[in-house]
2 protein chains.
Amino acid sequence: MNSAESAVETIQREMTIFARRARASAGRMHPELSLVSYTLLSHLEEQSGCRATDLAAHYALDKSTVSRQVAALERTGLIERRLDPEDHRVQVLHLTEAGEEILTQVTHSRRAAFHERLADWPEEDLVRFAAYLERYNAGRGDSGPA
Amino acid sequence: MNSAESAVETIQREMTIFARRARASAGRMHPELSLVSYTLLSHLEEQSGCRATDLAAHYALDKSTVSRQVAALERTGLIERRLDPEDHRVQVLHLTEAGEEILTQVTHSRRAAFHERLADWPEEDLVRFAAYLERYNAGRGDSGPA
DNA sequence: GGTTCAAGTTGTACTATACAACTAGAACGC
DNA sequence: GCGTTCTAGTTGTATAGTACAACTTGAACC
């Protein structure tokens with residue numbers, strides 16, 4: 001096995017380890033906001049609001065799943081739905097103030113955790129690692145290995 | 001924000017994207033072997049057998065979770081339990097032949113998917129990316145961001 | 001104006017998970 | 001040596017996240 005192949009093996013193994021750990025620890029870090037909820041809120045913030053269907057498409061989730069997630073986030077007051085006046089089937093989702101606050105807070109604490117984890121990395125390596133990850137994730141739609 | 005900080009932001013964002021996708025697609029890639037089952041079987045192969053408690057500790061899972069996973073894997077004939085003659089509380093878990101076959105098969109197909117994904121990367125970048133991931137995952141036990 | 005399409009909800013089922021209570025067996029203290 | 005305490009594992013119960021299928025409601029298009 002040449003070194004490119006063995007690097008691919010390592011990438012596979014380490015990505016798998018990461019995915020498993022992320023799954024296991026996601027709920028423990030921020031009991032008030034699961035990884036899924038967090039990514040949904042982030043998306044709403046980035047997009048300044050969007051439809052449930054857009055969330056489902058973007059995250060490759062079933063619309064029923066999104067519907068329930070959205071219902072839960074509305075129940076806890078983190079988002080609100082506004083009927084699209086153009087099309088009454090559509091609910092445009094927006095962060096509430098409470099939602100923005102919690103999102104900010106969780107973002108900060110996640111950021112702090114990543115910073116701590118990466119504290120002793122030289123800047124050059126951080127920049128390169130970041131670029132590799134972007135390239136990896138950009139490398140496809142949503143099939144393939146994770 | 002300096003470039004180290006913005007690299008950390010990127011790493012955080014991309015790792016989060018990866019973790020979410022992994023979760024969403026894990027079950028779809030290999031319906032016959034979930035990501036968790038796959039990692040448990042891999043561990044058994046690497047270790048040439050181990051105890052349920054070791055799996056729980058290694059993967060930061062509750063022992064009840066492991067107990068049920070193990071029961072399922074035994075039911076489908078992929079692993080077997082052997083009572084430790086030294087200590088009758090202990091069940092040493094081993095892959096069966098069927099387990100080894102399926103593990104090999106899934107490993108190959110995961111490997112192929114990663115290879116395809118990384119096909120157009122220069123070897124130098126693969127090697128560096130692999131090293132960064134190892135370093136990242138080695139960076140702690142099982143707290144912190146995913 | 002009926003047919004077809006799109007957005008979302010609800011019923012149902014399944015998997016992965018944790019925590020707590022329990023059983024069975026081992027080890028230690030005196 | 002026998003009670004206390006520790007360890008390995010199972011089972012009961014609850015929860016989150018997910019999918020698929022059936023349905024409702026509204027829009028669009030002949």
Side-chain angles (χ1 to χ4, degrees), chain A residues 16 19-41 49-76 78-93 142 146, chain B residues 19-41 49-76 78-93 142-143 146:
Chain A
T16 303
R20 177 182 38 67
R21 283 185 178 163
R23 174 160 203 170
S25 74
R28 286 196 271 277
M29 275 188 72
H30 304 288
E32 77 280 14
L33 203 58
S34 75
L35 184 61
V36 175
S37 303
Y38 176 73
T39 58
L40 296 184
L41 291 190
C50 71
R51 301 176 307 162
T53 294
D54 301 332
L55 292 175
H58 192 79
Y59 294 115
L61 294 170
D62 191 81
K63 59 187 177 162
S64 66
T65 301
V66 173
S67 172
R68 288 182 230 266
Q69 290 286 331
V70 162
L73 289 171
E74 190 190 28
R75 237 182 288 120
T76 50
L78 303 186
I79 67 177
E80 60 182 15
R81 323 190 196 201
R82 302 183 195 153
L83 270 180
D84 183 342
E86 308 271 294
D87 183 341
H88 281 200
R89 292 171 305 183
V90 169
Q91 304 170 352
V92 184
L93 308 172
D142 58 355
Chain B
R20 179 184 36 69
R21 281 184 181 167
R23 172 157 206 170
S25 73
R28 287 195 268 277
M29 274 187 73
H30 304 288
E32 77 281 14
L33 202 58
S34 74
L35 184 61
V36 174
S37 302
Y38 175 74
T39 58
L40 296 185
L41 292 190
C50 73
R51 302 175 307 162
T53 294
D54 300 331
L55 293 175
H58 192 79
Y59 294 115
L61 294 170
D62 190 81
K63 59 187 178 162
S64 66
T65 300
V66 173
S67 172
R68 288 182 229 264
Q69 291 286 331
V70 162
L73 289 170
E74 190 189 29
R75 238 181 288 120
T76 49
L78 304 186
I79 67 177
E80 60 183 15
R81 324 189 196 201
R82 302 181 194 156
L83 270 180
D84 183 341
E86 309 270 294
D87 183 341
H88 283 200
R89 292 170 305 182
V90 169
Q91 304 172 349
V92 184
L93 308 172
D142 59 358
S143 63

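A quick note: this is a predicted structure, and the numbers were derived from the prediction, not measured. Just so it is clear: chains get the letters A, B, ... in the order the sequence lines come, proteins before strands, and each one is counted from 1.
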Exercise for review: Assign B:Val70 to base, sugar-phosphate, or nothing according to its heavy-atom contacts below 4.0 angstrom with the strands shown.
Suggested key: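 Answer is nothing: B:Val70 stays at 4.0 Å or more from every strand.
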
Review point. So which of B:Leu93, B:Leu55, B:Val92 actually passes side chain to side chain contact (heavy atoms under 4.5 Å, CB included) with B:Cys50?
Key: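 Passing option: B:Leu55.
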
Check your understanding: For A:Lys63 and C:dT9, what is the distance between atoms NZ and P respectively, to the nearest whole Å?
Key ->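 Distance, rounded to whole Å: 10 Å.
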
Check your understanding: Picking from D:dG9, D:dT11, C:dA7, which would you name as closest to the side chain of B:Thr53?
Key ->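 The closest nucleotide is D:dG9.
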
Practice item. Could you tell me the separation between the CG atom of B:Leu83 and the C1' atom of D:dT7, rounded to a whole number of Å? Key: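 Taking CG of B:Leu83 and C1' of D:dT7, I get 15 Å after rounding.
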
Exercise for review: Check every strand shown and say whether B:Arg51 touches a base, only sugar-phosphate, or nothing at a heavy-atom separation below 4.0 Å.
Suggested key: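 Sugar-phosphate: the residue B:Arg51, judged by heavy atoms under 4.0 Å, touches backbone atoms but no base.
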
Check your understanding: Is there a donor-acceptor contact under 3.5 Å from the side chain of B:Asp87 to the main chain of B:Asp84?
Key ->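 A pair under 3.5 Å: no.
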
Point to revise | Given C:dT10, C:dA18, C:dG25, the nucleotide with the shortest approach to the side chain of B:Asp87 | key: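 The nucleotide sitting nearest to the side chain is C:dG25.
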
Review point. Between atom CD in A:Glu74 and atom C1' in C:dG8, what is the gap in whole Å?
Key: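 Those two atoms, CD and C1', are 13 Å apart.
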
Check your understanding: Within less than 4.0 Å of OP1 or OP2 of C:dA16, is there a side-chain N or O belonging to B:Gln69?
Key ->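 Answer yes for this pair, as a side-chain N or O of B:Gln69 is under 4.0 Å from OP1 or OP2.
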
Review point. Base, sugar-phosphate, or nothing for B:Ser64, non-hydrogen atoms under 4.0 angstrom?
Key: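 The residue B:Ser64 makes base contact.
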
Check your understanding: D:dA19 C1' sits how many Å from A:Tyr59 OH, rounded?
Key ->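 Checked: the OH to C1' distance equals 19 Å.
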
Check your understanding: Closest approach of B:Ala71 and B:Arg81, non-hydrogen atoms and distance?
Key ->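 The answer is CA-NH2, 3.4 Å.
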
Point to revise | Closest listed nucleotide, where the reference is the side chain of A:Ser67 and the choices are D:dG17, C:dT10, C:dC19 | key: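 For the A:Ser67 side chain, the nearest candidate turns out to be C:dT10.
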
Exercise for review: Send over the distance from B:Asp84 CG to D:dA8 P, rounded to a whole Å.
Suggested key: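 Whole-Å distance recorded here is 11 Å.
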
Practice item. Round to a whole Å and report the spacing from CG of A:Leu61 to C1' of D:dA16. Key: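 The distance from CG of A:Leu61 to C1' of D:dA16 comes to 13 Å, rounded to the nearest Å.
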
Practice item. Quick one: label B:Thr65 by what it contacts on the DNA or RNA (base, sugar-phosphate, nothing), any heavy atom closer than 4.0 Å. Key: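 B:Thr65: base contact, heavy atoms under 4.0 Å.
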
**Study point:** Length of the CG-C1' vector between A:Leu35 and D:dT15, whole Å
**Key:**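 Spelled out: CG on A:Leu35 to C1' on D:dT15 is 17 Å.
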
Practice item. In whole angstrom, give the distance that lies between atom CZ of A:Arg75 and atom P of C:dT9. Key: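 That distance rounds to 12 Å.
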
Exercise for review: Among the candidates C:dC5, D:dC20, C:dT9, find the nucleotide nearest to the side-chain atoms of A:Arg89.
Suggested key: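 That would be C:dC5.
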
Practice item. Check whether any side-chain heavy atom of B:Glu74 sits under 4.5 Å from a side-chain heavy atom of B:Glu80, and report yes or no. Key: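 No - every pair of side-chain heavy atoms lies 4.5 Å or more apart.
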
Check your understanding: Quick one: the side chain of B:Arg68 and the base of D:dT13, do they pair up donor-acceptor inside 3.5 Å?
Key ->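 Under the 3.5 Å cut-off, the side chain and the base do form a donor-acceptor pair.
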
**Study point:** A:Tyr59 side chain vs A:Asp54 backbone, donor-acceptor pair below 3.5 Å
**Key:**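 No; zero donor-acceptor contacts below 3.5 Å.
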
